Amino acid sequence: MSDFLNISGLHARIDADGAPKEILRGVDLIIAPGEVHAIMGPNGSGKSTLSYVLAGREDYEVTSGSVSFKGQDLLAMEPEERAAAGVFLAFQAPIELPGVNNANFLRTAVNAVRRARGDAELDAVAFLKTVRAATKKLSMSDEMLKRNVNVGFSGGEKKRNEVLQMTMLQPSLAILDETDSGLDVDALRIVADGVNALRSPTFSALVITHHQRLLDYLNPDRVHVMARGRIVHSGGAELAKEIDVQGYASFLAEAA
Amino acid sequence: MNAIAPVGRSLAPFEARLDGIEDPIRHAAVGELRRVGLPGPRVEAWRYTHLRPLAGHEFREAAASFDADLVGRALDESLPRDGLLASTPRLVLVNGRFAPELSSPANGVALPEGVTFERFLASPEFDALATPEREPLVALNTALAVDGVCLSVAEGVAAGRIVLVSVAFAGDEAASFHPRHSVSLGAGASLELIELAVSSGSGAGAATYFHNPVLTCDVGEGAKLTHVKVQKEAAGATHLATVYANIATRGAYDSFTLGLGADLARHEVHARLSGAKAAVHVNGAQLLGEKQVGDITSVITHAAPDCISRQTIRNVLTDHARGVFQGKVHVHQIAQKTDGYQMNQALLLSPHAEIDAKPELEIYADDVKCSHGATVGALDDEQLFYLRSRGVPEAQARRILVEAFLLEVLDLHEDEAGRALLDTALGAALSLRIGRLQGAGQDAGEASE
Ligand SMILES: Nc1ncnc2c1ncn2[C@@H]1O[C@H](COP(=O)(O)OP(=O)(O)O)[C@@H](O)[C@H]1O
Ligand SMILES: [Mg+2]
């Protein structure tokens, strides 16, 4: 079962104005089902890139290494296939979709995923019931459903909208990229509750964060430090506390 | 035949019908046409939209007879019997001629009190708002107009909605029709004119027909004319329309045009804000594919102070389609405190699609606020990825983004029935040009209400 998510020797680069720039330089990471892992690390170390590569963003070219997810070659799948297979990425900077109604967007996504998973689609009434229950749980106003996706949302509203999508899409692997950044304690709690509500033996999470606070709520099984495109150190939940006090400096020295 | 060769394009496609015209106004229009010809690419106003497709045909006068079943079917498709416009008075023209038996209710049209309707055919009069000496396509219409719809709304009357449908019933031979419409609103009156241009399949091959309407709108003091137009002419057709609007003090002409059909189309608006605090909106959208050319051209004249003009145009172009936007805002010296806005945006979905935009500001007043802008781009990769990362298949994600781009401009049109018509027409065109929606999505709007 340890091959729930298995990232091995992952190298990825991007074409930065004509010159290839290597960002991931051999990431190794194994997440077992039911586990919550955290990734911490200085800005620019490649955390968001890793999350994008896992979600299937095409600008990043994987030059070597492999990722298997539930026994499938994740890297060979289209982004929508990955979503159907259970991968969900909460974006560090959620994208605005002018002209796309948030409720329509959610229902389209939910039904696309349900269709792909062989479940019956939700009609308007069933969808509304489900989404209302979800917004209530996340202390979100239904008014957010009537607006265009992320347009004019505050930073906190955008992050909550990501958590709402996660809740509705029922992933088996949630990747949260700094979903807690810029949130006040109440909002942080909502994010944590959103993840904890999904926790089960078949749900895993990869939580990218700079802050100990979110991890206090999530109680991760493993904490990893990423630097210069690699996981340079791993430990238990106590590692996050260490980093909170000491910063990354000692791990960077270790990696150099 | 006249011996002087015109400097523009040849009139040959229409020559046979231009001889022997005696009415002095029509005769003058023919003289003007003979002098300048149909506009060629060297005429500034026609630099981007070429009338080449008209050459090589001889356009006969479109037939007065038609297959009532086929035309009826085309009407039902465009205006569903159970739709919001089912009980709205409807004036139907087939091949440019008023068809009383298809207009509603049957055998005569019941219009709201205070609204008078006359056929142009009954007593052809050419409205002074039109300037055939400046627009050759209007001169052509003046020379060849047979029929049309003339509406007037009495002072203070809120006339509600009236639907004006033009159905082309094309035969095997190239044919043209040149209807002449006019709408006049007395002081304080209001009307929503919903105009549709469609075709009924004739069963024959590709239709070569040419629809060349002219509409003059006289909007009285404090009156409001709302004008929605949906152009869904047949593939192969040419649609060259000219609208003139004169807007008196505190009056408003609020228009929206949606261009979907024809191989070659132009919607040209000349709006004159002639009284203080008048307003004009010339908004529109085009969704074009294959080798379609769609042109929205406007000339807005601010001839009085404190007036507002607004233009927001969005183009979605696929395949080899080409969109054209020409917008001229002319602000007279007297027109202080003018507030003008013009924005043309295009989404190019193919490397062969093209947009040509020419904004022009000519300002003689010193205290004005006029802005204009243009954007051209492809679909946003980040937005596409965001949708796909939520499980939405790529084709559906594309359609959602294209639809969103167009819905933003459709939202500028507020009347529910007109909007419903725009949405239906657009939905069908999106399916044709961008691909079908897979399952839910489009109608999920109900969920949020
Ligand atoms: N699209 C891109 N173009 C150029 N450089 C990029 C791009 N995306 C990321 N990078 C670079 O890759 C490095 C890692 O970025 P990122 O994955 O966002 O790091 P983190 O999330 O850990 O802060 C940074 O140096 C960043 O500038
Ligand atoms: Mg990041």
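Just so it is clear: chains get the letters A, B, ... in the order the sequence lines come, proteins before strands, and each one is counted from 1. The structure presented is a predicted model; accordingly, all values stated were derived computationally and were not measured.
Taking CD of A:Glu81 as the start and CZ of B:Arg388 as the end, the distance is 8.5 Å to the nearest 0.5 Å. Rounding to the nearest 0.5 angstrom, the gap separating the CG atom in A:Leu97 from the CG atom in B:Leu387 is 5.0 Å. With rounding to the nearest 0.5 Å, the separation of CG in B:Leu384 from CD1 in A:Ile95 is 11.0 Å.
For A:Ala90, the part sitting under 4.5 Å from any heavy atom of chain B is the backbone (N, CA, C, O) and nothing else. At a 4.5 Å heavy-atom cutoff, A:Ala116 makes no contact with chain B through either its backbone or its side chain. Contacts of B:Leu406 with chain A are absent, with no heavy-atom separation under 4.5 Å from either backbone or side chain. Neither the backbone nor the side chain of A:Val131 comes within contact range of chain B, judged by heavy atoms closer than 4.5 Å. When heavy atoms are compared at a cutoff of 4.5 Å, B:Glu408 approaches chain A solely by way of its side chain, counted from C-beta outward.
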**OP:** Under the side-chain contact (heavy atoms from CB on, under 4.5 Å) rule, what do B:Glu382 and A:Arg57 come out as? Steps first, then yes or no, please.
**Re:** CA-CA 9 Å; B:Glu382 287 197 330; A:Arg57 197 164 154 166; 3.7 Å; yes
**OP:** Just do the side-chain contact (heavy atoms from CB on, under 4.5 Å) check on A:Thr108 and B:Gln396 with the steps written out, would you?
**Re:** CA-CA 9 Å; A:Thr108 304; B:Gln396 192 180 357; 3.2 Å; yes
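Within 6.0 Å of the NZ atom in A:Lys137, the count of heavy atoms belonging to other residues, nucleotides or ligands does not exceed 12.
Here A:Gln165 pairs with B:Tyr386, B:Arg390 under the side chain to side chain donor-acceptor pair (under 3.5 Å) rule; sequence neighbours left out. Partners of B:Ala417 under the side-chain contact (heavy atoms from CB on, under 4.5 Å) rule, at least two apart in sequence or in another chain, are B:Leu84, B:Leu85, B:Arg161, B:Asp415.
A:Phe91 has its side chain within reach of B:Ser389: a pair of non-hydrogen atoms, C-beta onward, lies under 4.5 Å apart.
Chain B forms more heavy-atom pairs under 4.5 Å with one residue of A:Pro98, A:Ala84, A:Ala55 than with any other, namely A:Pro98.
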